[in-house]
Amino acid sequence: MSRYSAAEIEANWQKAWDDAGIFCAKAGGDKPKYYVLEMFPYPSGRIHMGHVRNYTMGDVIARHKLATGHNVLHPMGWDAFGMPAENAAMAIGGHPKEWTYGNIADMRAQMKPLGLSIDWSREFATCDPEYYGQQQALFLDMLEAGLVYRKNAVVNWDPVDMTVLANEQVENGKGWRSGAEVERRELTQWFFAISEMAEELLSALDTLDNWPAKVRLMQENWIGKSRGLQFAFGLNDAPEGFDRIEVYTTRPDTLRGASFLAISPDHPLAKRLEHEDEALAGFSAECRKGGTTEEALEKAEKRGYDTGLTVRHPFDTAWELPVYVANFVLMEYGTGAVFGCPAHDQRDFDFAVKYELPIIPTFLPSEEADEDLAEAFVPPKTQPVYYIRGFAGEAHQTAHEAIDAAIAFCEANGVGQGVTKFRLRDWGLSRQRYWGCPIPVVHCDTCGVVPERKENLPIRLPDDVSFDVPGNPLDRHPTWRNVSCPKCGAAARRETDTMDTFVDSSWYYARFTAPHAETPTDLADAEYWMNVDQYIGGIEHAILHLLYSRFFARAMQITGHLPKSAVEPFDALFTQGMVTHEIYQTKDDRGRPVYHLPEDVTGGKLADGTEVEIIPSAKMSKSKKNVVDPIGIIDAYGADTARWFVLSDSPPERDVEWTAAGAEAAHKHLARVWRIASEIAASDAPEAAEADEALLREMHKAIHDVSTGVESFGFNAAIARLYAFTAALAKSDAGSAAKREAACTLAQLMSPMTPHLAEELWHMLGGDGLVAMAPWPVADAAMLVDDTITLPVQINGKRRTEIEVPQDMPKDEVEKIALATDAVQRALEGGQPKKVIVVPGRIVNVVV
RNA sequence: GCGGGCGUGAUGGAAUGGUAGACAUACCAGACUUAAAAUCUGUUGGGGCGUGUCCCCGUGCGGGUUCGAGUCCCGCCGCCCGCACCA
């Protein structure tokens, strides 16, 4: 071979790794274990650059850990249930199962050429009956433990996908997948009791030191803990059973400014009143119709319906407040009833103005401030305000202090009690879909809901289904649902709902530790491999997947499927950025945008010479046609080039822009490294003491910086160092022995990023065995510091000159030399310096 | 509205409070070549003259702390992300 040929090299070395079986993980042994996992892909059929970046990062970690003497687990699988398979079946015919397994085969074939250090023997798809059968077993155990239950609830119904969605899957009132406006329906559904663990899921966030603060914060906000007062208003002329209206408030300090009570149209009292009040029924119906999108809510007028009823203020039974049914009160949060304090909430203020209700301030910005407010006075959180109707007498207090005082006052006077509430709702898992894990229960007319017997698992999805009509094919299957009751043997019906696909991905990491176990997990294997030491994936899973997984890890502990040590599933989390690309656009004759693929654009022009408009980089998407296919890049340059490029340039947590020029440059560099190494392999230059020493120093600095970079997700910085080391090696006058040593080290340092080229270099230079298994080089601390160093000399904090001094020269001597320099002498003008700061090895600063 | 993050050359970006712009891209110049490609070498934040191991300015804007601030603090401006009729 006379030049770098990725195609030849990569296939060979992949085979060599396979033959040696070096990525096959076995529990046990003396080495410390290391479990690195990237979020497994949905088998859409094609890998994209985002996958390449994600899996390359994981691979760098995995290979580095392998080389540093760890027993590494690095598995891969498929998040294979879900809507797209059914949509494909509806659109192009065929069966979701065939579509999915076909896609998995295609994607596996596209992924293999990347040369990832994956233990493919552990591969599974969540749609394998062996996997979802164990998930059903897990479900039954959770059912027994009271972690899953059934209830009648108002749910989010996606009219396009014709299924229920979890709260987490509704974004701005629209289905996360279909984008359709979500409707409210009342259905009997299965729920995971995640809200029972709210406090634990919240407080344990503090232990996740190696998670991005942003993700922890997002989860904290999602769990939404609040402290407030729950109390009741007494209702005058109450219908039976409604003499007390429960209210929850986080601002009990404003209770003396209350001027009305507002209840949700879905509040039991409102529903009761509807029967006798037609106008109210009409009002409520209209409220329910309104959309829940951000825009709709923004525009929607805050409206109320005066029920004519009144409540008594808890502090003064003679003080009566009107009761409204209002369109802005949610039944889902708190108690479905709120008191309005117009003085300190703009919405309540507007409401009060509209319905001519009193505006009573409880506090003011200062003692001098006017009590007549032109708008609501919302106090700053941390600054004290002047309470005129407070609970600690008239006082300057922060809202925080006042709230505590109010709760204490109310509790002491028997008006309600302080309570903690969470925003987190239970996770509805029922989906009215075919391509998901069947919920293993049976409905019996006499026994009710009966869990399946474990020996009947897996409850397999039937193959003979059709998708010619919308809805759930399981529901209309002629025989599948007809079963006998596991308890009494009478004719019964199988549950036709399947599980939310987020269930599948909530425990797969645990299954990887023993993918063929006859139970969901094997405790010994789980004990050995868990927790995942490093998890890598997109920030888009910050809430849903990661919160559900944290819940499942706990649930699996309770049901005995994970050891006590595995409370949190993921010890460290890294969220990587996206791969973006410029968008190329022209306009058609009606002025509508037409997008063009990057490969069709050269120098800003199409093949026919038409200029394209270049729109700034954005996430690669089919609709904008700014997609670069990894397969094309691997064919043209090889996997190592693609891997090198996605790691260079941008820090891994940020987006990286894919450019043709950048990919080409990456390839040029790899070719250069190959050339330099082959020259070194062929040369027999004599030793050159000084140059040899200089090169070895460079080498040890590179070892240090690359090791640090790889360990701290500073891949771009590690690569920058490798560029510099390569340049130093190319320029060096060292003898061939020293050069060979340096080149071998270069191969080792490059091996996590460009494993195939690294093996080739290693082999070419006479390295022993596989570089993948060679012990990672260790930097010699003595070689990291030069004997003489260049110290910058500042005058009044500005760099003016520099001095060469021995590395270990005492401070006072360094100071003398610095003061003797021309620049300092000039600045001193014969006088004495006011102060001299010498930071050893860093800098000298002379203050004149 | 609430919460968080970011702002550095033409571009992506580097910089434990210690030489701002590493490394790469792009551009320009040179070597090799009949020529191009490939390869190699060099220059490139702005300005000034006195062309120097020179001086001034420079990390969104304004202030502060410090011997020293891209980095820490306060206040603005801009962009991005998350949450949101949450009581």
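The shown structure was predicted, so the numbers you read here are calculated from the model rather than taken from an experiment. Chain identifiers are assigned alphabetically (A, B, ...) following the order of the sequence lines, protein sequences preceding nucleic acid strands; residue numbering begins at 1 within each chain.
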So, under a plain 3.5 Å distance rule, would you say the side chain of A:K421 forms a donor-acceptor pair with the base of B:rC86?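 Checked by distance alone, the answer is no.
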
Both A:V656 and A:D822 contact RNA chain B. Which one's nearest nucleotide lies toward the 5' end?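 Looking at RNA chain B, the more 5' nearest nucleotide goes with A:V656.
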
Between A:K835 and A:S226, which has a closest nucleotide on RNA chain B that is more 5'?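 Result of the comparison: A:K835.
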
Sugar-phosphate or base contact per nucleotide [nucleotides 17-32 of chain B; S, B, -; heavy atom under 4.0 Å]: -BB--BSSS-------

Heavy atoms only, 4.0 Å cut-off, all strands: where does [X] land among base, sugar-phosphate and nothing?
{"X": "A:L330", "value": "base"}
{"X": "A:R800", "value": "sugar-phosphate"}
{"X": "A:T801", "value": "nothing"}
{"X": "A:V836", "value": "nothing"}

List the atom pairs, donor and acceptor, that lie under 3.5 Å between side-chain atoms in residues 247-254 of chain A and the rest of the protein, sequence neighbours left out.
from	atom 1	to	atom 2	distance (Å)
A:Y248	OH	A:S226	O	3.3
A:Y248	OH	A:S226	OG	2.7
A:Y248	OH	A:G228	N	3.4
A:T249	OG1	A:R251	N	2.9
A:R251	NE	A:D253	OD1	3.0
A:R251	NH2	A:D253	OD2	2.8
A:D253	OD2	A:Y387	OH	2.6
A:T254	OG1	A:R251	O	2.8

For the pair A:K731 and A:E698, find out whether any cationic side-chain nitrogen is under 4.0 Å from an anionic carboxylate oxygen.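 No, no charged N to carboxylate O under 4.0 Å.
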
Answer yes when A:E220 and A:K225 have at least one side-chain N-carboxylate O distance shorter than 4.0 Å, and no when they do not.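 Looking at A:K225 together with A:E220, the answer is no, because their closest N to O distance does not fall below 4.0 Å.
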
When the aromatic ring centroids of A:Y324 and A:F351 are compared, is their separation below 6.0 Å?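 Yes, the ring centres sit under 6.0 Å apart.
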
Distance between the [atom1] atoms of [N] and [M], in whole angstroms?
{"N": "B:rA22", "M": "B:rU8", "atom1": "P", "result": "16 Å"}
{"N": "B:rG3", "M": "B:rG58", "atom1": "P", "result": "34 Å"}
{"N": "B:rU71", "M": "B:rG18", "atom1": "P", "result": "11 Å"}
{"N": "B:rU25", "M": "B:rA38", "atom1": "P", "result": "13 Å"}

I'd like to check A:T788 versus A:V805 (side-chain heavy atoms, cut-off strictly below 4.5 Å). Are they in contact?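 No, too far: nothing below the 4.5 Å cut-off.
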
Distances for protein N or O near nucleotides 42-48 of chain B N or O, under 3.5 Å:
none

Do any pairs count as a side chain to side chain donor-acceptor pair (under 3.5 Å) and have a residue in residues 835-848 of chain A, sequence neighbours left out, and if so which ones?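 Listed by first then second residue: nothing to list.
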
Residue pairs, two or more places apart or on separate chains, that pass side chain to side chain donor-acceptor pair (under 3.5 Å) and touch residues 649-672 of chain A: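 Listed by first then second residue: A:S617-A:E657.
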
Find out whether the Lys NZ or Arg CZ of A:R3 is both under 6.0 angstrom from the six-membered ring centre of A:W674 and within 45° of the ring's axis.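 The answer is no, since A:R3 fails at least one limit relative to A:W674.
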
For Watson-Crick and G-U wobble pairs within 3.5 Å on both distances, what is RNA chain B written in dot-bracket notation, | included for inter-strand pairing? (((((((..(((.....[....)))(.((((.......)))).)(((((..).))))..(((((..]....))))))))))))....

